[in-house]
Amino acid sequence: MSIKKPELRAVDSPNQPITQDAHEAADDARVGWEHFQQLMEEDKRVEPRDWMPEQYRKTLVRQVSQHAHSEIIGMQPEGNWISRAPSLKRKSVLMAKVQDEAGHGLYLYSAAETLGTSRDEMYQQLYTGKAKYSSIFNYPARTWADVGAIGWLVDGAAITNQVPLCRASYGPYGRAMVRVCKEESFHQRQGWEILYTLSHGTEEQKQMAQDAVDRTYGPALQMFGPPDGDSPNSQQSMAWNIKRFSNDDLRQRFVDMIVPQAEALGLTLPDPELKWNEERGHYDYADLDWDEFFSVVKGNGPLNHQRLAHYRAARDNGAWVREAAAAYAAKQADATRGSALLSA
Amino acid sequence: MNSAADFTSQDSATRISVGDAITPEGLGASSTPAPEETARYALLLGDDCLILAQRLGHWISRAPELEEDIALGNIALDLLGHARFLLTYAGSAWGKSEDDLAYFRSEEEFRSCRLVEQENGDFAQTIARQLLFSFYTHELYQRLIHSADSTLSAIADKALKEVDYHQDHAAQWLLRLGGGTEESSRRMQNGLEAVWPYLEELFADVEPTAELSKNDIAVLPSSLRENVLTRLTAIIEQAGLRVPDAKGALGADRSGRFSEHRGFILAEMQVLARQHPGATW
């Protein structure tokens, strides 16, 4: 269901001739603006029918749909291991987890739809490559240990990012995030547990776990986005109570969390500069490879093409099914209308 | 700790359940070991579920719509759950775990039917396979609830609630595709034609099933045939499609001697476990 956008043309297009309607619309917009400002100041929630600035709406659609796309593309690397999971219990847990990701995609697309952008439109943006998704999914899940590393580090970074989003000013987004976070925290635990089992298993298993952590650590830290100085949208998102902490603050929080967890796993994090800074009360860590990050964002990661081709193939192969379902629903609706007319 | 009786009233894993969720581990720890022949029967039933779960799992991230990624994933997960109960129970006869049986048996030792081994094909063929299998298992579990073996009865009771939803899912799609567009109707008919030759195998009175049915432990497969066919015929006709006239393919004995798919399915499923024999995951 799409919610109609409030009409704001009188404000948006000052060159229009001022009519009675335009005056009324301008009044409505002014009242809406004041209400919106008040919600921001009181840190209250904006709901779909509330007036909101176009830029707020656009920012949210971009952020929420990117998040949804990340869930959808994120099904691929882990889905890659469903058929080969090494025990039936692991297979079962992994299947449930990937299915959860699909569910998260669904809540998030629904939240974005309340802002007036249809799910089909968002699908199309992903299909054409116009929309972005989290770059980490452009790296391969080569071994079973990657399933563990994705759970521990990727879902772990996601939770660190998402817990504050449960308080995001836009109601449907914040509420979707509450449920997403509950499931993600379960995902993180299962990832950690996979790695724990591997790191306490055979020498080969331990090596597999260490290798996956070595490959995942850097891209996971980059999930928080560029350093604060290079993140132009962050300030505005914070002013609108969408974002609560800066990229670097969240990244620091994550590093501080995973260092002791890595010790408990008996695995090392691939950063020789990682050490406790007494003065700051935080771990120091080395600069990340931002050239690589931006290169992957621009489409040059190892699997950008594969991920998108997989998604497109699924959409293309399913087109006839969606057409059939729509045609059938239309016929059913006609039949219902027909019988209603007959009985009238 | 779960006993067989504890999980007779549990809801589907796909719905909200009250109380402790049942686990194959609980079943493994608490039930009395299965008698040899009963174990062989449980293995046969479990293999069907395991192979079909393996096939269906491939749809996740490839389905026509997000809701179907979730639905097919859910059904695969339910089937995997049924397989885990049945393999765990079977393994109790021989001191083997569900994983010993799933990962370290050869192609010749599996007892899956060829229907579940068939490739996914397009969405219509997957739905056709689901339709046949879910209508068959629904009939089977309805009868197996009354098994003289209390563990099999409890597993059937749990599985039936989920299979009820699986057959609804398959039937709804059959109607949609049959009555949707010209293309969908053609594809749905082709899907039925592709899997129909493997329907008869489900009703073959193989051993140990036939012998166990005399003591009301198993359900005699041939006794399911009429009801399943009647119900399938009705829904296929309702969808405006034709019941295929294909005869059952020869070799309906679940031996694997007449299947080219089984080896590939197992090679993929077992590869990692077999690279690390004895490892814990």
Side-chain angles (χ1 to χ4, degrees), chain A residues 68 71-96 98-103 105-106 109 119 123 143-144 194 197-198 200-202 204-205 208 310-311 313-315 317-332, chain B residues 13 23-25 50 53-55 57-70 72-74 76-77 80-81 83-84 87-88 97-99 101-103 122-124 127 173 175-181 183-185 187-188 265 268-276 278-281:
Chain A
E71 300 281 358
I72 300 312
I73 299 294
M75 291 164 70
Q76 291 183 33
E78 289 179 289
N80 184 33
W81 280 96
I82 289 175
S83 65
R84 293 173 294 167
S87 78
L88 296 187
K89 183 177 179 182
R90 292 288 183 206
K91 189 193 284 288
S92 173
V93 172
L94 181 59
M95 233 185 234
V98 180
Q99 196 195 23
D100 281 351
E101 313 294 2
L106 208 50
Y109 282 129
R119 215 208 291 184
Y123 280 163
T143 70
W144 171 251
I194 286 175
T197 308
L198 292 176
H200 291 75
T202 65
E204 276 175 305
Q205 285 179 305
M208 196 193 285
H310 179 118
Y311 177 76
R315 294 299 295 169
N317 293 337
W320 68 270
V321 179
R322 297 190 298 275
E323 280 160 23
Y328 182 76
K331 286 179 198 172
Q332 295 298 105
Chain B
T23 62
E25 292 83 354
L50 177 59
Q54 184 75 5
R55 281 296 197 203
H58 188 77
W59 275 106
I60 302 174
S61 82
R62 293 181 177 87
E65 190 48 276
L66 199 42
E67 281 82 349
E68 280 306 303
D69 279 311
I70 297 174
L72 292 172
N74 234 329
L77 200 51
L80 183 56
R84 296 186 62 200
L87 263 54
T88 299
S97 70
E98 53 175 354
D99 290 336
L101 293 172
Y103 292 95
D122 63 4
F123 185 71
I127 291 300
W173 271 113
L175 295 174
R176 266 185 221 121
L177 298 180
T181 62
E183 182 182 9
S184 70
S185 168
R187 284 178 181 262
M188 194 60 242
I265 297 169
E268 185 177 8
M269 183 173 80
Q270 297 176 336
V271 60
L272 180 59
R274 289 193 175 214
Q275 276 168 4
H276 303 269
T280 303
W281 300 97

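Chain letters run A, B, ... following the sequence lines, proteins first, then strands; residues in each count from 1. These figures come from a predicted structure and were not determined experimentally.
Taking every heavy atom of both residues into account, A:Gly105 and B:Leu66 meet most closely at C-CD2, 4.1 Å. Across all non-hydrogen atoms, the minimal contact from B:Gly180 to A:Ala327 is O-CB, 3.8 Å. Of all non-hydrogen atoms in B:Gly57 and A:Met95, the two that sit nearest each other are CA-CE, 4.2 Å. For B:Ala273 against A:Pro86, the heavy-atom pair with the smallest separation is CB-O, 3.8 Å. Shown here for A:His310 and B:Ser61, the closest heavy-atom pair between the two residues is NE2-OG, 2.9 Å. Nearest heavy-atom pair across B:Asp99 and A:Ser87 is OD2-CB, 3.1 Å.
Between B:Glu67 and A:Arg119 a salt bridge is recorded (basic side-chain N to carboxylate O distance below 4.0 Å).
Residue A:Asn80 holds its CG atom at 12.5 Å from CD1 of B:Ile60, rounded to the nearest 0.5 Å. Between the CD atom of B:Gln275 and the CD atom of A:Glu204 there is a distance of 8.5 Å, given to the nearest 0.5 Å. In this structure, OG1 on B:Thr88 lies 8.0 Å from CG on A:Leu88, to the nearest 0.5 angstrom.
For the set A:Gln205, A:Glu101, A:Gln332, A:Arg90, the count of heavy-atom pairs under 4.5 angstrom toward chain B peaks at A:Gln205. For the options A:Lys91, A:His200, A:Arg315, heavy-atom pairs under 4.5 Å to chain B are most numerous at A:Lys91. When the candidates A:Gly201, A:Gly318, A:Gly79, A:Ser92 are compared by the number of heavy-atom contacts under 4.5 Å with chain B, A:Ser92 comes out ahead. Top candidate by heavy-atom pairs under 4.5 Å with chain A, chosen from B:Arg62, B:Glu98, B:Arg55, is B:Arg62.
Side-chain N/O atoms of B:Glu268 and A:Ser83 include a donor and acceptor closer than 3.5 Å.
The closest donor-acceptor contact from the side chain of A:Asn317 to the backbone of B:Pro64 lies at 3.5 Å or more, if one exists at all. With B:Glu65 contributing its side chain and A:Val321 its backbone, the two residues share no donor-acceptor pair below 3.5 Å. Remark: the backbone N or O of B:Asp69 is not paired with any side-chain donor or acceptor of A:Gln99 at under 3.5 angstrom.
Between B:Thr181 and A:Tyr328 the shortest side-chain heavy-atom distance does not fall below 4.5 Å.
Contacts of B:Trp173 with chain A are made by side-chain atoms alone, with heavy-atom separations under 4.5 Å and no backbone atom involved. For B:Ala102, the part lying under 4.5 angstrom from a heavy atom of chain A is the side chain only. Proximity to chain A (any heavy atom under 4.5 Å) is restricted, for B:Leu80, to the side chain, taken from C-beta onward. B:Leu87 touches chain A through its side chain: at least one heavy atom from C-beta onward sits under 4.5 Å away, while N, CA, C and O do not. Interface residue B:Phe123: backbone and side-chain heavy atoms are both found under 4.5 Å from chain A. Only the side chain of B:Leu50 comes within less than 4.5 Å of a heavy atom of chain A; its backbone N, CA, C and O stay farther away. In this structure, the portion of A:Tyr123 lying under 4.5 Å from any heavy atom of chain B is its side chain and not its backbone. Of the atoms belonging to A:Ile194, not a single heavy atom falls under 4.5 Å from chain B. Proximity to chain A involves both the backbone and the side chain of B:Ala124, based on heavy atoms less than 4.5 angstrom apart.
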For this session: Report the C-alpha distance between B:His276 and A:Thr202 in whole Å, list the side-chain angles of each, state the deciding distance to 0.1 Å, and finish with yes or no for side chain to side chain donor-acceptor pair (under 3.5 Å).
Result: CA-CA 9 Å; B:His276 303 269; A:Thr202 65; 4.8 Å; no

